[in-house]
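One structure is given below, encoded as structure tokens.
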Amino acid sequence: MDHWIREFYSAGNTIFNEGDFGQIAYLIERGAIRISSYRSGQDQDIALLNEGDMFGEIALIDRRARTATATATEETTLIPISRDLVVSKLKQSDPLLSYILQVVVERWRESMGGIPLKTDAQLAEENDISSLKTFAIDQLKIAQNLSDAIERNEFLLYYQPVVHLHNRQLGGFEALIRWNQPDMGFVSPVGFIGVAENTGLIVPIGRWVLKTALAALAEFQSDMDEHHPGAPRLFMSINVSARQLQEQDEVETLIDIIRASGVDPKRIKLEVTESALIGNPMVAAEALNKLKELDLLIAIDDFGTGYSSLNYLSQFPIDTLKIDQSFVFAMLEHDGSRRITKAIASMAHDLEMNCIAEGIEQEADIPVLQSMGVEYGQGYFFSKPRAQEQVQDYISKRGGGTSTA
Ligand code: C2E
Ligand code: CA
Ligand code: CA
């Protein structure tokens, strides 16, 4: 954990003074700390802390003036824990846990009611805490509403074309979930997939996505056969979360769904992120190898944004790298992004994989990507994700040829 950068103090050094403004807590890795406070005209000891003790922790949840002074009494090594880190961890955590902590902080605030909150920094802090609380409550609401969203038929899939860059012919689609919640309206997957993963609801949702997307692929293929005979066969890319790969039985269930669909597995591409593989690599490898026995395709999504270790690329049965849209967006303006895009493409080819560039928003991106040998493209320039009926409409009118939004 290289973000824990240690601080070193000699005997007599002050870490912070009573009245200082603080947003860092400290863990004593080695050494000793004296905590004291100025009362009735003199410095009084409150505590002597040693290895493994933490101090200054109130700053992590509520930024106020320090109520005591901390001094090293010998050679001491401290591990600072910043409030920003805790807030960001809290945002990723289970919504219920995050909410409980907010309530506890709120109660603590009330119990400390006598202390005035006056400075700008402190007022900004209040907003920060209350926005975190709103966030936690929203997440709870989402978790609550998600639990019966499948039964209530609130999900639907949109499909975004993936295009062969050399002739701009339709190659396939990526299935992207949409949630139409009666009270909240359309909720973006960015807003609820994380909650679904934390609560485990992604497992039944993922089954529904797979089943629905494969049924749609069969429809799209038969429309293609009718309107564009001889065009290459379509594929369907489906997003799979780490959680779905971590349960042994779940992989069997996904295999059953694929078999029951009657779709040729060679036309199915499962998209997983780098972080899904890294979290528990042994289990992920076993799951992917089992799925791979069906002869389907596996893509790494958002490639280049996740873990920097490339070691796993050779350990997993991967067919495709999806170059993250952040590189493609910036490619024409920033040399660095263009170089990264090029490097990813050439690495994919060296490893006998192909690649898809995501986030193509302008025509000028296409020749650049082609010069790098990128096989497929996806993005608003070709088409936004569309509902099934719109896609069928589009295939019957023009789907075999050049496609723009
Ligand atoms: P992703 O898999 O990276 O999907 C690509 C996202 O980029 C989609 O957002 C898509 O609409 C958007 N996009 C595509 N082309 C362009 C473009 O040219 N410009 C811009 N600005 N954006 C573009 P969306 O549909 O909101 O999905 C967001 C994320 O939610 C997905 O990112 C994926 O991580 C997750 N997600 C969506 N559907 C599912 C699902 O069925 N299962 C799981 N596990 N995750 C899903
Ligand atoms: Ca994806
Ligand atoms: Ca992506």
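For the numbers below, each heavy atom of this structure counts, side chains included, while hydrogens, waters and symmetry mates do not. We count residues from 1, following the sequence as given.
Looking at Arg34 and Asp45, a side-chain N of the basic residue comes within less than 4.0 Å of a carboxylate O on the acidic one, giving a salt bridge. Between Lys292 and Asp319 there is a salt bridge, since at least one side-chain N of the basic residue sits less than 4.0 Å from a carboxylate O of the acidic one. For the pair Asp264 and Arg267, the salt-bridge criterion is not met [side-chain N within less than 4.0 Å of a carboxylate O]. By the 4.0 Å N-to-carboxylate-O rule, Lys266 lies close enough to Asp295 to be salt-bridged with it. Of the charged side-chain nitrogens involved, none lies within less than 4.0 Å of a carboxylate oxygen, so that Arg259 and Glu252 do not count as a salt-bridged pair.
Side-chain atoms of Asp225 and Gln221 include a donor-acceptor pair closer than 3.5 Å. Side chains of Asn239 and Glu174: a donor on one and an acceptor on the other come within 3.5 Å. Side-chain N/O atoms of Ser82 and Asp84 include no donor and acceptor closer than 3.5 Å. A side-chain N or O of Lys269 and one of Thr320 form a donor-acceptor pair less than 3.5 Å apart. Using modelled atom types and a 3.5 Å distance limit, the side chains of Gln44 and Ser37 yield no donor-acceptor pair. Side chains of Gln169 and His228: a donor-acceptor N/O pair is absent below 3.5 angstrom, by distance only. For the residue pair Glu154 and Asn180, no side-chain donor N or O sits within less than 3.5 Å of a side-chain acceptor on the partner.
Of all heavy-atom pairs spanning Ser10 and Ala72, the tightest one is O-CB, 3.6 Å. Considering all non-hydrogen atoms of both residues, Ile360 and Leu369 come closest at CD1-CD1, 3.6 Å. Of all the heavy atoms in Glu197 and Ser241, the pair that sits closest is OE2-OG, 2.6 Å. Annotation for Ala143 and Thr199: closest pair CB-CG2, 4.1 Å, computed over non-hydrogen atoms. The two residues Gln244 and Gly206 come nearest to each other via the heavy atoms NE2-CA, 3.2 Å. The two residues Glu274 and Thr305 make their nearest non-hydrogen contact at OE2-N, 3.6 Å.
Geometrically, Arg386 engages Tyr394 in a cation-pi contact defined by less than 6.0 Å to the ring centre and at most 45° from the axis.
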Which is it for Ile33 and Ile35 under the side chain to side chain contact (heavy atoms under 4.5 Å, CB included) test, yes or no, and what are the steps along the way?
CA-CA 6 Å; Ile33 293 289; Ile35 305 290; 3.8 Å; yes
Could you walk me through whether Leu210 and Leu254 pass the side chain to side chain contact (heavy atoms under 4.5 Å, CB included) check?
CA-CA 8 Å; Leu210 184 61; Leu254 298 177; 3.8 Å; yes
After noting the C-alpha distance and the side-chain angles of Phe220 and Tyr159, does the key distance pass the ring-ring contact (aromatic ring centres under 6.0 Å, His included) rule?
CA-CA 11 Å; Phe220 297 159; Tyr159 302 93; 5.2 Å; yes
I'd like to know whether Asp301 forms a side chain to side chain contact (heavy atoms under 4.5 Å, CB included) with Val272, so could you lay out the CA-CA distance, the side-chain angles of the two residues, the decisive distance to 0.1 Å, and finally the verdict.
CA-CA 6 Å; Asp301 205 355; Val272 294; over 6 Å; no
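Residues Ile366 and Phe381 form a side-chain contact, since some pair of their non-hydrogen atoms from C-beta on lies under 4.5 Å apart.
For the pair Thr341 (side chain) and Arg339 (backbone), a donor-acceptor distance under 3.5 Å is absent. A donor-acceptor pair under 3.5 Å links the side-chain atoms of Ser188 to the main chain of Val190, judged by distance alone. Judged by distance alone, with hydrogens and angles left aside, the side-chain atoms of Asp53 form no donor-acceptor pair with the main-chain N or O of Leu49 at under 3.5 Å. Proximity of a side-chain donor or acceptor of Thr14 to a complementary backbone N or O of Thr71 within less than 3.5 Å is not detected.
Around atom NE2 of His334, no more than 12 heavy atoms belonging to other residues, nucleotides or ligands sit under 6.0 Å away.
Taking the ring centroids of Tyr376 and Phe235, they lie under the 6.0 Å cut-off.
The aromatic rings of Phe155 and Trp179 are tilted relative to each other, their planes meeting at an angle between 30° and 60°.
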